[in-house]
Amino acid sequence: MRLRKRRQCFPSCSSLRRVDEDEVYWRQKKGNPELEWTQGSTHIISQLAQCFTNVMVGSRSWIGGLLNRVSNRRNERFLNYPLTPIQEERLQRLQERLQVPFDGTRPDHQEALKALWDAAFPNISLKGLISEQWKSMGWQGPNPSTDFRGCGFISLENLLFFARSYPASFHRLLFKQDGERAVWEYPFAVAGINISFMLIQMLDLYAVKPRCLPGVNFLKLLEEDEQAFDVLYCIAFEMMDAQWLAMHASYMDFNEVLQATRNQLERELSLEDIHVMQDLPAYNLLYK
């Protein structure tokens, strides 16, 4: 399907003023009424997630689709560079995480899924690991385990890290609280899985070591912070939502929005003065 011409991307994030919102988030949350949804709204979200996934994910089509058609900017000088002992150790641990499939029969994976629900909807009890409630978070159906097949357990870890580390940002995106939203919004959870895989592809993490400038610079960030991949995921999610709003996108435009997000993130990771996560211009999006 032919997408319409790309609209203006969001402005530089470097001018955003940091406001630490998460410190007071949970105190404010205690005073809020319990979140509710109707059966009709849950059905609509589910239908959107299924249509959205058919467009950009399918079963594993997104692995061989858009992101594989866009090659990493590789160069000979990125093939024979040395890794520091810390970089090598942390890259290996990260790559081991990539190999873990989601297994709905494993107690630790079940607990992680329950923890995600509790972080997203702290005032609402989950009725079961298979429940119509999951559709309200943007899963395709009542069993979210079927959506992890393309990216594995790390995509759940990314979502859970986002919810625990930046709860205000997480809920702002989950409940689409910023800007003028589209009638057909992106399903939050399915979008999160796609962002995980986009980062893996962009950073060339399935290679022995990254062969592109963003991936090489990412190793420097990883050396400074072992959670760099998870933090970068949170930043990428915020960037994607900002692009979504700036492009006035609807769910059929998601591939275009994701590619614009990837392009912006590649540019930021190619800057010469990036040494820690806080140096990324888009980092402040987590605290807007």
Side-chain angles (χ1 to χ4, degrees), residues 9-23 25 67 72 90 94 97-98 116 119 151 154-174 176-179 186 188-205 210 212-247 249 254 257-288:
C9 295
F10 69 95
S12 170
C13 307
S14 58
S15 61
L16 292 176
R17 180 170 63 89
R18 172 172 174 163
V19 179
D20 195 345
E21 187 180 16
D22 287 310
E23 290 184 0
Y25 176 80
L67 295 175
N72 285 316
R90 291 182 174 179
L94 177 57
R97 289 174 63 192
L98 304 183
L116 177 63
C151 199
I154 194 171
S155 55
L156 174 55
E157 290 182 311
N158 290 155
L159 282 167
L160 188 54
F161 178 88
F162 191 12
R164 287 173 167 172
S165 300
Y166 306 99
S169 176
F170 176 87
H171 285 87
R172 187 171 62 247
L173 269 57
L174 172 63
K176 309 296 193 302
Q177 293 173 343
D178 282 351
Y186 64 85
F188 179 82
V190 175
I193 294 176
N194 280 266
I195 291 171
S196 293
F197 193 80
M198 181 270 287
L199 288 177
I200 294 169
Q201 291 287 91
M202 184 190 75
L203 299 174
D204 200 19
L205 293 180
C212 56
L213 181 57
V216 172
N217 285 341
F218 168 74
L219 293 180
K220 301 175 184 178
L221 303 178
L222 190 63
E223 185 171 15
E224 295 297 323
D225 183 357
E226 190 168 10
Q227 295 180 318
F229 182 79
D230 301 274
V231 176
L232 191 62
Y233 169 87
C234 302
I235 294 172
F237 215 137
E238 278 281 9
M239 292 175 73
M240 186 279 295
D241 189 74
Q243 290 279 11
W244 180 272
L245 290 173
M247 296 167 69
F254 185 83
V257 173
L258 191 63
Q259 183 59 49
T261 303
R262 173 173 174 156
N263 293 343
Q264 177 72 15
L265 195 53
E266 283 181 326
R267 286 192 292 270
E268 295 200 10
L269 284 169
S270 298
L271 297 174
E272 295 181 356
D273 57 347
I274 301 299
H275 305 290
V276 295
M277 297 301 301
Q278 290 80 358
D279 291 335
L280 290 170
Y283 180 81
N284 283 337
L285 284 172
L286 293 170
Y287 299 96
K288 67 179 182 177

Nearest-0.5 Å distance, [atom1] of residue [X] to [atom2] of residue [Y]:
{"X": "Gln243", "Y": "Gln259", "atom1": "CD", "atom2": "CD", "answer": "10.5 Å"}
{"X": "Met247", "Y": "Phe254", "atom1": "CE", "atom2": "CZ", "answer": "11.0 Å"}
{"X": "Ile195", "Y": "Met239", "atom1": "CD1", "atom2": "CE", "answer": "10.5 Å"}
{"X": "Phe218", "Y": "Asp204", "atom1": "CZ", "atom2": "CG", "answer": "12.0 Å"}
{"X": "Glu157", "Y": "Cys151", "atom1": "CD", "atom2": "SG", "answer": "10.5 Å"}

Side chain His171, main chain Ala119, donor-acceptor under 3.5 Å
yes
Report yes or no: does Ser165 contribute a side-chain atom to a donor-acceptor pair with the main-chain N or O of Phe161 at less than 3.5 Å?
yes
Can you see which heavy atom on [X] is nearest to which on [Y], and at what distance?
{"X": "Ser155", "Y": "Ser196", "result": "CA-OG, 3.6 Å"}
{"X": "Val257", "Y": "Ala249", "result": "CG2-CB, 3.7 Å"}
{"X": "Glu268", "Y": "Ala282", "result": "OE1-N, 3.0 Å"}
{"X": "Arg90", "Y": "Leu222", "result": "NH1-O, 3.0 Å"}
{"X": "Ala191", "Y": "Met240", "result": "CB-CE, 4.3 Å"}
{"X": "Phe170", "Y": "Leu159", "result": "CE1-O, 3.8 Å"}

Could you tell me which residues satisfy ring-ring contact (aromatic ring centres under 6.0 Å, His included) with Phe237, sequence neighbours excluded, listed by chain and number?
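Only Phe162, Phe188, Tyr233 meet the ring-ring contact (aromatic ring centres under 6.0 Å, His included) criterion with Phe237.
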Which residues share a side-chain contact (heavy atoms from CB on, under 4.5 Å) with [X], sequence neighbours left out:
{"X": "Leu98", "value": "Ile154, Ile200, Leu205, Tyr206"}
{"X": "Asp178", "value": "Arg172, Arg181, Leu245, Lys288"}
{"X": "Leu269", "value": "Met202, Leu203, Pro214, Leu221, Leu232, Leu265, Leu280"}
{"X": "Glu224", "value": "Val276"}

Scan side-chain atoms only and decide if Arg267 and Gln264 contain a donor-acceptor pair under the 3.5 Å cut-off.
yes
All side chain to side chain donor-acceptor pair (under 3.5 Å) counterparts of Asp230, not counting sequence neighbours:
Arg97, Asn158
Side-chain contact test, heavy atoms from C-beta onward, threshold under 4.5 Å: evaluate it for Glu238 versus Ile235 and give yes or no.
no
